[in-house]
Amino acid sequence: MSFWRNIFGGADEDAETVEPVNLENAVRVAGRAEGRVQGVGFRFFVQSSAKPLSITGWVKNMSDGSVTMELQGEPQKVDFLIAKIQRGNDWIKVTNFTRSDLPVVEGENKFAIRY
């Protein structure tokens, strides 16, 4: 997968495979980030941050300028990733992040950038 495709958007077939997590301890969170989160590599930032934490799910730009996502993994790792997302970096500035709990999806082993 090319560097630029990662930065500016990929497709589900470009999803990164993640080590499976024990579903007994897993949680799934729906998240919505607002702020400077489009056109700054945000989706790649989330995907590349999720992989070493064995977090599966997806991230997607929305037409209103926000980014939605579903994150699944061990509770403390999902919380760590959300805190990292909220901190952002030199380009990414999250001004609001909302979350809600979802049922765990069995058999998921990838983290995808969606359109």
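Just so you know, these numbers come straight off a predicted model, no measurement behind them.
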Closest non-hydrogen atom pair, Gly65 against Gln38: C-NE2, 3.3 Å

Qualifying residue for side chain to side chain contact (heavy atoms under 4.5 Å, CB included) with Val29, from Ile55, Leu102, Val78: Val78

Residue pair Val67, Met62: steps toward the side-chain contact (heavy atoms from CB on, under 4.5 Å) verdict: CA-CA 5 Å; Val67 177; Met62 304 307 290; 5.9 Å; no

Spatial distance of atom OG (Ser49) from atom CG (Asn89) [nearest 0.5 Å]: 9.0 Å

Nearest-0.5 Å distance, CD1 of residue Ile92 to CD1 of residue Ile85: 9.0 Å

Aromatic Phe42 / basic Arg36 pairing, under 6.0 angstrom, 45° off normal: no

Between CD on residue Glu70 and CZ on residue Arg28, distance to nearest 0.5 Å: 4.5 Å

Glu74 and Phe80: CA distance, side-chain angles, deciding distance, side-chain contact (heavy atoms from CB on, under 4.5 Å) verdict: CA-CA 10 Å; Glu74 295 175 18; Phe80 178 84; over 6 Å; no

Check against side-chain contact (heavy atoms from CB on, under 4.5 Å), Lys93 and Val37: CA-CA 7 Å; Lys93 301 291 182 212; Val37 293; over 6 Å; no

Pairwise side-chain contact, Asp101 with Val27, heavy-atom cut-off 4.5 Å (strictly under): no

Shortest non-hydrogen separation from Gly88 to Phe45 and the atoms involved: O-CZ, 4.2 Å

pair Val104-Gln72: side-chain heavy atoms closer than 4.5 Å: yes

Cluster check Trp91, Val46: I/L/V/M/F/W/Y, side chain < 4.5 angstrom: yes

Salt bridge present between Asp64 and Arg32 (N-O < 4.0 angstrom): yes

Pairwise distance CG(Asn96) to CD(Gln86) - rounded to 0.5 angstrom: 9.0 Å

Pairwise distance CZ(Arg114) to OG1(Thr68) - rounded to 0.5 angstrom: 9.0 Å

Step-by-step side-chain contact (heavy atoms from CB on, under 4.5 Å) determination, Val105 to Glu108: CA-CA 6 Å; Val105 175; Glu108 185 176 66; 4.2 Å; yes

Taking every non-hydrogen atom, the tightest pair across Ala50 and Leu81: CB-CD2, 3.9 Å

NZ/Lys60: more than 12 non-hydrogen atoms of other groups inside 6.0 Å: no

Side chain proximity check, Val59 to Phe111, heavy atoms < 4.5 angstrom: yes

Value rounded to 0.5 Å, distance of OG in Ser48 from CG in Leu53: 10.5 Å

